[in-house]
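By convention in this document, chain letters (A, B, ...) are assigned in the order of the sequence lines, proteins followed by strands, and residues within each chain are numbered from 1. Predicted model, so just to flag it, every value in this text is computed and none were measured.
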Amino acid sequence: MRKLASGTYTYLLLGLRSLRKIMQIVREEMDAAGAQEIDMPFVQPMELWEQTGRRTDYGETLGWFTDRHGRQNVLAPTAEEVVTNLVANEVSSYKQLPLNLYQIKMKYRDEYRPRFGALRSREFIMKDAYSFDATPEGLDATYEKMYAAYCRIFTRCGLRYVVVEAQSGEIGGSGSQEFMIPCESGEDIIVHTEDGAYAANIEKAEVDPPKNSAERQAGDAVPAMEEVYTPNVGSIEAVCEFLGTKPQKMIKTLIHATENGVVVALVRGDHEVNEAKIKSVLGGAAVEMADEATIEKLTGAKVGFAGPQGLSDKVAKLVIDYAVAAMACGVTGANKTDYHVKNLVPGRDFPLEGKNVIVADIRNAVEGDTHGGKKLTFSRGIEVGHVFKLGTKYSEKLDAKFLDEQGGQKPCIMGCYGIGINRILASAIEADNDENGLILPVSIAPFEVEVIPLNNDKAEVRSAADSMYNELRASGTDVLLDDRDARPGVKFKDADLIGIPVRVVVGERGLKEGLVEIKRRTDEKAANVPLSEAVGTVRDILGEMKQALEA
RNA sequence: CGGGGCGUAGCUCAGUUUGGCUAGAGCGCUGCGUUUGGGACGCAGAGGCCGGAGGUUCAAAUCCUCUCGCCCCGACCA
């Protein structure tokens with residue numbers, strides 16, 4: 001793999017061979033799961049993206065250009081629009097459903113910041129599948145099939161994976177799961193209970209409300225709230241330092257704009273608000289941070305001095321995190337520039353109930369939180385696959401409807417399923433390697449076995465190696481012959497570096513006794529095997545390795 | 001887009017602070033010879049618009065301005 005520019009790479013022979021093997025496995029499992037392979041355009045009309053609103057949703061990550069006719073074209077990052085448009089034109093009856101279409105193709109995302117080589121590149125190969133069902137039960141069945149196919153794909157690629165609950169986005173309530181490869185260099189945070197019964201992306205991980213109300217009751221004795229002068233001290237850290245308190249004692253008052261009006265969210269000073277959670281608490285309306293003008297108008301103070309007291313009547317919703325509701329008292333903004341208040345008591349100084357007040361889980365999980373009473377731990381992973389029940393978002397907007405048994409018009413119920421082909425290779429490399437290089441599973445290694453003739457100039461060595469190579473090839477084994485005129489050490493190091501699972505060494509010394517050496521990449525020492533049995537032994541070893549990946 | 005860093009031989013980098021000899025090293029590459037079971041050795045060589053443009057100066061890889069590219073951190077993410 002060689003870099004051309006930031007986030008764009010040329011794959012050379014070895015990398016490409018691995019990618020092809022991964023694609024083949026994916027293809028076989030998709031076909032077996034009843035999906036049909038198609039090929040959709042990489043360049044797509046912008047109008048389609050405007051119809052579904054994703055031009056805005058994708059924002060800057062969407063790559064596009066204007067052609068000579070002045071038309072705008074999207075460089076496809078996914079293909080929901082195109083496939084839904086296709087189905088809208090082709091499907092008119094429930095008898096044509098269910099339908100499951102997939103493609104394995106280059107995608108483009110204009111990433112804010114491509115990083116970690118193939119893990120997050122601008123161009124990448126993705127298998128994307130889209131299913132269309134007539135009923136929710138049908139979608140469930142398709143989803144299950146795809147889920148099972150994904151498990152087989154990652155197992156066959158020799159990867160240890162975990163499945164986590166993921167944020168399901170706009171269509172609340174329907175399922176979404178990510179397949180993650182646990183690994184230090186991963187970009188995603190996985191949250192799971194110690195027994196592994198619950199695992200989720202940090203975006204999604206649900207947190208138990210605190211159990212003890214003891215602290216709350218202690219709050220009854222707190223004196224009335226009091227304003228303090230905090231000139232030019234806006235941030236949490238600055239206020240803590242100024243007032244000699246801790247972030248855990250602070251209440252962050254975050255003002256959000258939604259299509260239904262202004263929403264104020266409260267989280268503890270040491271917690272991070274999770275907008276996706278607010279969104280689902282509010283029933284799916286888009287949520288974003290309010291701009292300065294909105295905040296100043298609402299609070300009458302500059303940004304950084306907002307507080308919940310007296311605001312509940314002025315906003316559409318007041319959303320309070322469980323952890324804030326459980327606080328005895330806290331420090332927050334005074335709704336007055338350069339002032340904060342202390343001794344603010346939840347329930348006394350601002351409401352914890354009422355028609356526009358919601359107490360819920362609206363923050364990211366942190367160390368020490370629990371789920372279902374079990375402690376949550378954190379680890380990193382690489383997202384290699386995502387299965388997602390989409391519902392009717394796209395089929396409604398793009399008019400993919402069919403007539404059901406009663407003759408009624410219904411939108412198709414969709415699911416979508418992605419696999420990052422490059423990421424599978426990248427995670428296999430990250431997951432297993434040593435100081436000598438890669439250790440690749442036989443199913444995705446560029447070659448299964450490498451034959452190394454040590455003394456190329458010796459005719460008998462050369463001919464023994466050649467005939468082994470030819471025999472292995474003839475028997476359908478993926479074999480590489482290193483016939484370079486190089487020193488032995490160079491060949492050994494290279495074979496190790498590129499992760500070839502099995503290595504056969506043909507040397508003058510061994511050949512005198514009719515022996516060659518066979519060594520797995522993971523073996524300490526090589527085994528001597530009679531030349532006549534070598535091909536059979538190699539095939540047995542490969543057979544075992546492949547067997548292990550089917551289990 | 002914000003913050004930081006780096007652009008000198010194919011690669012990794014020194015030299016830049018304090019302007020001054022013919023711009024260097026290791027690895028790689030070419031030729032010849034000796035070697036040959038875990039990245040050999042000797043000898044001889046090739047290889048540079050010091051990222052680009054402009055400026056200061058007797059003199060610029062070195063100082064100034066602008067620009068382009070790359071890396072790292074952050075913000076974003078169906």
Side-chain angles (χ1 to χ4, degrees), chain A residues 2-9 49 52-63 74 76-81 83-84 107 109-117 120 122 124 126 128-130 166-171 174-178 185 187-189 201-204 272 274-276 279 286-289 383 385-391 393-394 414-420 435-437 452-458 461 465 482 484-498 503-512 515-517 519 521 523-526 528:
Chain A
R2 299 288 185 270
K3 187 173 63 185
L4 172 66
S6 181
T8 54
Y9 297 86
W49 288 74
T52 57
R54 285 218 298 174
R55 180 189 188 159
T56 320
D57 291 353
Y58 245 95
E60 300 277 286
T61 308
L62 191 65
V74 171
T78 69
E80 279 84 358
E81 282 78 8
V83 77
T84 310
K107 301 293 187 303
R109 289 185 191 175
D110 193 351
E111 294 288 351
Y112 285 88
R113 183 155 86 82
R115 56 182 127 184
F116 302 130
R120 179 176 289 256
R122 295 195 296 187
F124 57 99
M126 182 164 88
D128 46 329
Y130 308 89
Q167 199 63 50
S168 52
E170 280 88 274
I171 311 300
S174 46
S176 169
Q177 287 163 305
E178 290 173 346
S185 55
E187 283 194 271
D188 293 279
I189 309 284
N201 188 303
I202 189 150
E203 291 287 308
K204 164 85 178 185
E272 242 174 80
N274 180 324
E275 285 182 15
K279 195 159 151 184
V287 174
E288 55 180 20
M289 290 299 283
E383 179 191 351
H386 197 160
V387 290
F388 192 170
K389 292 182 188 174
L390 275 179
K393 174 179 173 183
Y394 296 96
M414 294 175 58
C416 71
Y417 319 88
I419 286 185
E435 68 281 3
N436 288 319
I452 302 181
L454 279 189
N455 323 87
N456 249 332
D457 44 341
K458 296 283 187 301
V461 171
D482 187 350
R484 290 177 301 172
D485 189 15
R487 303 175 65 80
V490 173
K491 298 184 179 186
F492 294 150
K493 287 287 182 191
D494 280 349
D496 286 347
L497 183 68
I498 62 182
R503 186 185 85 189
V504 181
V505 175
V506 183
E508 197 178 10
R509 215 161 63 191
L511 216 51
K512 278 183 187 146
L515 299 174
V516 297
E517 284 172 23
K519 178 183 167 303
R521 176 65 171 80
D523 288 340
E524 271 297 309
K525 294 214 151 160
N528 284 307

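For E80(A) and K393(A), the salt-bridge test fails: no basic side-chain N is under 4.0 Å from an acidic carboxylate O.
Between the side chain of N436(A) and the base of G38(B) there is no donor-acceptor pair of N/O atoms closer than 3.5 Å. Under 3.5 Å, the side chain of R484(A) and the base of G39(B) form no donor-acceptor pair of N or O atoms.
Residues satisfying the salt bridge (charged side-chain N to carboxylate O under 4.0 Å, His left out) criterion with E508(A), sequence neighbours excluded, are absent altogether. Under the side chain to side chain contact (heavy atoms under 4.5 Å, CB included) criterion, F492(A) pairs with I452(A), L454(A), P488(A), R503(A), V505(A), not counting sequence neighbours. Partners of D110(A) under the salt bridge (charged side-chain N to carboxylate O under 4.0 Å, His left out) rule, at least two apart in sequence or in another chain, do not exist in this structure. Partners of A79(A) under the side chain to side chain contact (heavy atoms under 4.5 Å, CB included) rule, at least two apart in sequence or in another chain, are M40(A), Q44(A), Q103(A), D128(A), Y130(A). For the side chain to side chain contact (heavy atoms under 4.5 Å, CB included) test, residues two or more places apart in sequence or in another chain that qualify with E272(A) are N364(A). Under the rule for a salt bridge (charged side-chain N to carboxylate O under 4.0 Å, His left out), R509(A) has no partner lying at least two apart in sequence or in another chain. Qualifying salt bridge (charged side-chain N to carboxylate O under 4.0 Å, His left out) partners for R55(A), counting only residues two or more places apart in sequence or in other chains: E50(A).
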Restricting both atoms to N or O, compile the protein contacts to nucleotides 5-7 of chain B shorter than 3.5 Å, with distance only.
none

Dump every N/O contact between nucleotides 26-36 of chain B and the protein below 3.5 Å, one line per pair.
residue, atom, partner, partner atom, Å
U35(B), O2, R487(A), NH1, 2.6

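Atom-to-atom, CD1 of I202(A) to P of C77(B) comes out at 14 Å; the value is rounded to the nearest Å. Summarising the geometry, the separation between CD on E272(A) and P on C76(B) is reported as 9 Å, rounded to the nearest angstrom. Taking atom OH of Y9(A) as the reference point, atom C1' of C70(B) lies 11 Å away to the nearest angstrom. Put simply, OH on Y130(A) is 15 Å from P on A78(B), counting in whole angstrom units. Summarising the geometry, the separation between CD on E111(A) and P on C1(B) is reported as 16 Å, rounded to the nearest angstrom. Rounded to an integer number of Å, the gap from K107(A) NZ to A78(B) P is 17 Å. Going from atom NZ of K204(A) over to atom P of A78(B) covers 13 Å, rounded to whole Å. Distance NZ (K493(A)) to P (A40(B)): 10 Å, rounded to an integer number of Å.
At least one donor-acceptor pair under 3.5 Å links the side chain of K491(A) to the backbone N or O of P453(A). Remark: the backbone N or O of D457(A) is not paired with any side-chain donor or acceptor of N455(A) at under 3.5 angstrom.
C58(B) and C11(B) have their P atoms separated by 37 Å, given to the nearest Å. Across C77(B) and G4(B), the matching C1' atoms stand 24 Å from one another, rounded to whole Å. For C1(B) and A46(B), the C1' atoms lie 46 Å apart once the distance is rounded to whole Å. Rounded to the nearest Å, the gap between the C1' atom of C49(B) and that of A61(B) is 12 Å. Comparing the C1' positions of G26(B) and U34(B) gives a spacing of 23 Å, expressed to the nearest Å. Atom name P, nucleotides U30(B) and C70(B): the rounded distance is 31 Å, in whole Å. If you take atom P in C71(B) and the same atom in G33(B), they sit 45 Å apart, rounded to whole Å. Comparing U8(B) with A53(B), their P atoms are spaced 15 Å from each other, to the whole Å.
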Where do F124(A) and R109(A) land on the side-chain contact (heavy atoms from CB on, under 4.5 Å) test, with the steps shown first? CA-CA 8 Å; F124(A) 57 99; R109(A) 289 185 191 175; 3.7 Å; yes
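Using a 4.0 Å heavy-atom cutoff across all strands shown, G510(A) reaches at least one base atom of the nucleic acid.
Across all strands shown, C41(B) forms a Watson-Crick or G-U wobble pair with G33(B), both key distances being under 3.5 Å. Pair assignment for G7(B) gives C68(B), based on Watson-Crick or G-U wobble hydrogen-bonding distances that are each under 3.5 Å. In a base pair of the Watson-Crick type (N1 to N3 plus N6-O4 or O6-N4) or a G-U wobble (N1-O2 and O6-N3), with each distance short of 3.5 Å, A59(B) is matched with no nucleotide. As the counterpart of G47(B), no nucleotide is assigned, since no Watson-Crick or G-U wobble pattern has both distances under 3.5 Å.
Listed nucleotides G39(B), A78(B), G38(B) differ in distance to V490(A); the shortest reach to its side chain belongs to G39(B). Between G39(B), A78(B), G38(B), one nucleotide has an atom nearer to the side chain of F388(A) than all others, and that is A78(B).
Map K491(A) and Y58(A) each onto its nearest nucleotide of RNA chain B; the residue landing nearer the 5' end is K491(A). The residue among D494(A) and H386(A) whose nearest nucleotide of RNA chain B is located toward the 5' end is D494(A).
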